[in-house]
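Only one structure is covered here, and it is reproduced in the block below.
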There are 2 protein chains.
Amino acid sequence: MSRPTVNDIAREAGVSLATVDRVLNARPGVRDKTIFAVNEAIARLGYIRDMAAANLARSRRYRMAVFLPDGGGQFVQTVAAAMEEAAQQAAATRTEMTLIRYPAGDTHSLAALLAGVDPDEVAGVALMAPETPVLRDAVRALRHRAVPVVALASDLPNAGCDHFVGIDSRAAGRTAGVLMGRFLGNRPQRVAVLAETMLLRDAIERRRGFDEVMLADFATVDVLPTLETHGATEALRRGLAEVLSSTEIGGIYLLGSGHRALTAALEGMGLLGRVVVIGHELTLHSRSALQSGHIHAVIAQNPGHLARSTLRVLRAKADRAPIDEGQEQLRIDIVIRENLPD
Amino acid sequence: MSRPTVNDIAREAGVSLATVDRVLNARPGVRDKTIFAVNEAIARLGYIRDMAAANLARSRRYRMAVFLPDGGGQFVQTVAAAMEEAAQQAAATRTEMTLIRYPAGDTHSLAALLAGVDPDEVAGVALMAPETPVLRDAVRALRHRAVPVVALASDLPNAGCDHFVGIDSRAAGRTAGVLMGRFLGNRPQRVAVLAETMLLRDAIERRRGFDEVMLADFATVDVLPTLETHGATEALRRGLAEVLSSTEIGGIYLLGSGHRALTAALEGMGLLGRVVVIGHELTLHSRSALQSGHIHAVIAQNPGHLARSTLRVLRAKADRAPIDEGQEQLRIDIVIRENLPD
DNA sequence: ATGAATTTGAGGTGCGTACCTCATTTCGCA
DNA sequence: TGCGAAATGAGGTACGCACCTCAAATTCAT
């Protein structure tokens, strides 16, 4: 009636407790035939290992290290906060987290930090960083020392991470594209595209997805080249003014962050609310811009989910346990004023 | 360095283990002064009770009962499946679930089932049901017997449930309204509204939200009265044909389920993909309709999240533990073809 | 101060699992 | 057939906590 225990398995398989234990924990010294018999019994009884008791017995603690760029925009701040919160929750499952900031963009520093990670101390590493050769090697080295590594928000496809927690940037860009097209009403229009920098893989992928959709489904819309602002509000204003001097604009696609600077610039030009603005990531600024109608849609990933998923995945990897793909898949959230979460 | 245990608390408070235990588990026979001292020590050391070990020692199992209507549309099926999956996951935390179907709409039967729930057997109850006086009383009685009750997907505001797991229907309707208005391009248009029945609180609330937005922000759009189909494909076809004979339709808002019947009807009329269709809930049918472009947006709640949240909340209630509001809040998902999850 | 009631301490057992040691059995192979 | 190696069994301790019993210490009222 109650859940079967290791003792039941031992009895059912006709072996001793020690052998069941060896099989369960993949310890050596068991014949294949016996391993099979034990697994057979496990399947027959529908045994589910009680991870709570297991971890208790191990008196194991999972110490995870999360690396985030230190400057970072609002989004990084949001993720950091979500991480802290998730960590507090995860404490109940013997999982701890250390948040480590590295100089934004300085992947050499980050690589050095990663090289200093002690596999006996740290059960897993998560990092949000642009992909560079140095970093790729550092990740490889880490994994070689049997430390699970997951990429956060921005994928590192060639570094061989164990997992990527985040959304598909290209699909996110496509989603932004469809919304832009539909919100514009498929009339002949021009759309400006703004980005702080095109160095990050994410921005490039988003732009790709956006263009794909616009080209295929909204041919009457003319998408202008990306205007890089390098984080400078003044550059944004000037660039935007220049574009506007030569042509009319129906919509603006904000590839990365910078909601605040954009709304400021638009306000100065008296364009607030008169052009369709679509951006990425839900931050304090984009929230209020959505609320006041200055931005019309934001494509986002839930930072809370991102954080919890990160810790869960790292823990699963540390346990060499399978991960629940369904639960870990991050949704591409479309946020408008009406479905803004509290 | 490691997390403090009950032993640390005992030492810190200068009392014995037994006393700490009495305080922790609210057992009688401890002076107020001592209780205070122990709580003091707990606060000082930042002790967090290891619920995993606690439940292990208690050898406690959480058996939850989930009641769903038996007929139900695709959505109920989806939720049922998600529940089973969530239950499998939750098994690792000593949480079990029994799925119980009751005759759809028959709240008397459901009330009888609830009356038969044994508080010693069942640690919590979740139910998806329309609100009726009988049911309201049944829920009250259950809660009186100290069984936590949560409402699923459809709220029971006057039954005094411990929690509601689901999205705000009115906000969902508003979201649908904004999308409809924007997708129509704010041109003079007519929108038909279809529903299987308007008896469910959800449908009414959605319609309310939809109307609010249309009236306020898209005045040029004319929203027609709700066409009730009572689940009959033929009725839907006839009703739709009638509407179309007297007027042109730019969009269709599907208040509840019935994606399949609608696309069939539209196909027969050669209207597939020529009118903006917005519906609710992501099911197998609405998925494929989205994919083929027959439906343009779906307002949904994540069934997996719904299921996991339900079990988590019930467990927290059973433990009288606080719940993480942030984690339990369900998002109003906007799903279009481009952000359709796998 | 005395007896009774209340509060506290000490110690044990068990929950389901990990992990260790030391026999003992079985197997593969010469 | 016998030997060494590999496989298995038996039993113990520990993890953090719940819950039990019984004795000892401390109130408290009279």
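We name chains A, B, ... by the order of the sequence lines, and we start the count at 1 in each one.
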For DNA chain D, the residues among residues 5-26 of chain A that have a non-hydrogen atom under 4.0 Å from it: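 Under 4.0 Å from DNA chain D: A:Gly14, A:Val15, A:Ser16, A:Ala18, A:Thr19, A:Arg22.
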side-chain N/O A:Arg60 vs D:dC15 OP1/OP2, d < 4.0 Å: no
Does C:dT17 have its OP1 or OP2 closer than 4.0 Å to a side-chain nitrogen or oxygen of A:Arg58? no
Could you tell me how far apart [X] ([atom1]) and [N] ([atom2]) are, to the nearest whole angstrom?
X       : N      : atom1 : atom2 : answer
B:Asn55 : C:dG16 : CG    : P     : 12 Å
B:Arg31 : D:dA25 : CZ    : C1'   : 10 Å
A:Arg61 : D:dC15 : CZ    : C1'   : 11 Å
A:Leu56 : D:dT13 : CG    : P     : 17 Å
B:Arg94 : D:dA18 : CZ    : C1'   : 13 Å

Neighbours of DNA chain C within residues 44-53 of chain B, by heavy-atom distance under 4.0 Å: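 When residues 44-53 of chain B is checked for heavy atoms under 4.0 Å from DNA chain C, there are no hits whatsoever.
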So for atom CD, which belongs to B:Glu85, do other residues, nucleotides or ligands contribute more than 12 heavy atoms lying within a distance under 6.0 Å?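 No, the 6.0 Å shell around CD holds no more than 12 heavy atoms from other groups.
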When the side chains of residues 110-123 of chain B are checked against the rest of the protein, which donor-acceptor pairs come out under 3.5 Å, sequence neighbours left out?
residue: B:Asp118; atom: OD1; partner: B:Asp120; partner atom: N; Å: 2.8

Taking for each residue the nucleotide of DNA chain C with the nearest heavy atom, is it B:Gly29 or B:Ala57 whose nucleotide lies nearer the 5' end? B:Gly29
